[in-house]
There are 2 protein chains.
Amino acid sequence: MVKKSGRPAYLQIADDLREQVRGGSLAPGAPLPSTAQLAEQYDASLSVVKMAVGILRNEGLLIGQQGKGVFVRDEESSESGQGTAVDLVNEVIELRTAVRDLSERLAQVESTLSERSDR
Amino acid sequence: MVKKSGRPAYLQIADDLREQVRGGSLAPGAPLPSTAQLAEQYDASLSVVKMAVGILRNEGLLIGQQGKGVFVRDEESSESGQGTAVDLVNEVIELRTAVRDLSERLAQVESTLSERSDR
DNA sequence: CAGGCCAACTAGGTCAACTATGTTGGTCGC
DNA sequence: GCGACCAACATAGTTGACCTAGTTGGCCTG
C-alpha cells in the first residue's frame, strides 16, 4: 500500500480486495491469502489488514472461518453493502426462515425447561 | 457492556447505538457522547468504541467530524445514494444482527441443556 | 480592546502485543 | 495401524499506546 492518497490504508485494502472479488481474480469460494501474507503483500500492519477484512466481512462479501481462513462468499448477493432491492428481498427471506427456526428451537427449550423445573 | 452473550463487544455497542438512533433517543443531527464518554458508559476500551462507531460510520448512519464529534446522519446531509432505501437497509441490518445474536444465545442454552441431560 | 498563541478537547488512523479458539498435520507410544 | 498428544498455523477479539488533525476557548501580550 504505497498509494499516498489521503484515503486510509485499511480502506484502500478493502477497496482492492473488493475489486479483486468483483473482477473475478478472487473466485467465489476461493480462500484469501492469510492475514500475515496480505499484510506483507500490502506492506501494512496486521491491524489494518484485519480491519479491511472486517469491513468486507461485515458487508457479507467475505466469510471468515476461524482456524481455516477467509473465503469469498459464494451464493447470491455479493455486491457491496447497500445493494439492490433484490438483495434486500433475499435478505428478508433469509431472516424470515431464521426467525421461524429460532422460534421452534426456543419453544423446544422452553418446554424442556419447564418440565424439568416443575419437579 | 456486561452482557455475557458470545457476541463481541464492539458489535453489541454498535447494535445499541443503532437502536438508539432508530428509537429516536438519538435524534438526527444530534451529537453522540465523546468516544471517551462512550467507553466509560459501556465499560469498554476506547478501541472497541472506535470500532463500533467506525461500523456505523461505514454504514452511513453516523457522521464523524474531526475535532468536533460524531453526529447522527441528518436526512439529506450528503447524498448517500439511495435515500429512502437506506432506512430499509438499516432495518435489515438490525434484524440480521438481532437474529444472529439470538441464534448464538439459543445455541448456548441448547448446548447447556444437552450437556446437563447427558449426565 | 485586538490579535495571536496555546492548552485542552475532539475524531481518526496505525501499530504491537496479548488472549481465545479452531484446524491441521506430525510424532510418539502402544 | 491407531489413538493421544502436541506444535504450528489460522481467524477473531481486545487492549493500550502513539500520532495526526481539526475545533474551541481562554489567556497573555502588544
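Sequence lines set the chain letters: A, B, ... in the order given, protein chains first and strands last, and positions in each chain run from 1.
Side chains of B:Gln20 and B:Asp16: a donor-acceptor N/O pair is present below 3.5 angstrom, by distance only.
For the helix from C:dC1-D:dG30 to C:dC30-D:dG1, the rotation axes defined at the first and last 5 base pairs enclose an angle of 30°, given to the nearest 10°.
Checking A:Tyr10 against A:Leu46, the closest nucleotide of DNA chain C that is more toward the 5' end is the one next to A:Tyr10.
Using a 4.0 Å cutoff to heavy atoms of chain B, the contacted part of DNA chain D runs 5' to 3' from D:dG13 to D:dT24.
Legend: residues meeting side-chain contact (heavy atoms from CB on, under 4.5 Å) with A:Ile63, ordered by chain and number and at least two apart, are A:Arg73. The side-chain contact (heavy atoms from CB on, under 4.5 Å) check on A:Ser45 picks up A:Ser47, A:Val48, with sequence neighbours excluded. Residues that satisfy the side-chain contact (heavy atoms from CB on, under 4.5 Å) test with A:Ser34, not counting sequence neighbours, are A:Ala36, A:Gln37. Taking A:Pro31 as the reference, A:Phe71 meet the side-chain contact (heavy atoms from CB on, under 4.5 Å) condition, with sequence neighbours excluded.
Atom CD1 of A:Ile55 is separated from atom C1' of C:dG12 by 13 Å (rounded to the nearest Å). Rounded to an integer number of Å, the gap from CD1 of A:Ile13 to C1' of C:dT14 is 11 Å. Here the P atom of nucleotide C:dC15 and the CG atom of A:Leu38 are 14 Å apart, to the nearest Å.
OP1 and OP2 of C:dC15 both lie 4.0 Å or more from every side-chain N or O belonging to A:Ser47.
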Legend entry - side chain to side chain contact (heavy atoms under 4.5 Å, CB included) between A:Lys50 and A:Thr35, intermediate numbers included: CA-CA 7 Å; A:Lys50 289 205 287 185; A:Thr35 308; 3.7 Å; yes
Each nucleotide N or O in nucleotides 7-11 of chain C that has a protein N or O under 3.5 Å away: list the pair and distance.
residue, atom, partner, partner atom, Å
C:dT10, OP1, B:Ser34, OG, 3.1
C:dT10, O2, B:Gly67, N, 3.3
C:dA11, OP1, B:Thr35, N, 3.1
C:dA11, OP1, B:Thr35, OG1, 3.4
C:dA11, OP2, B:Thr35, N, 3.0
C:dA11, OP2, B:Thr35, OG1, 2.8

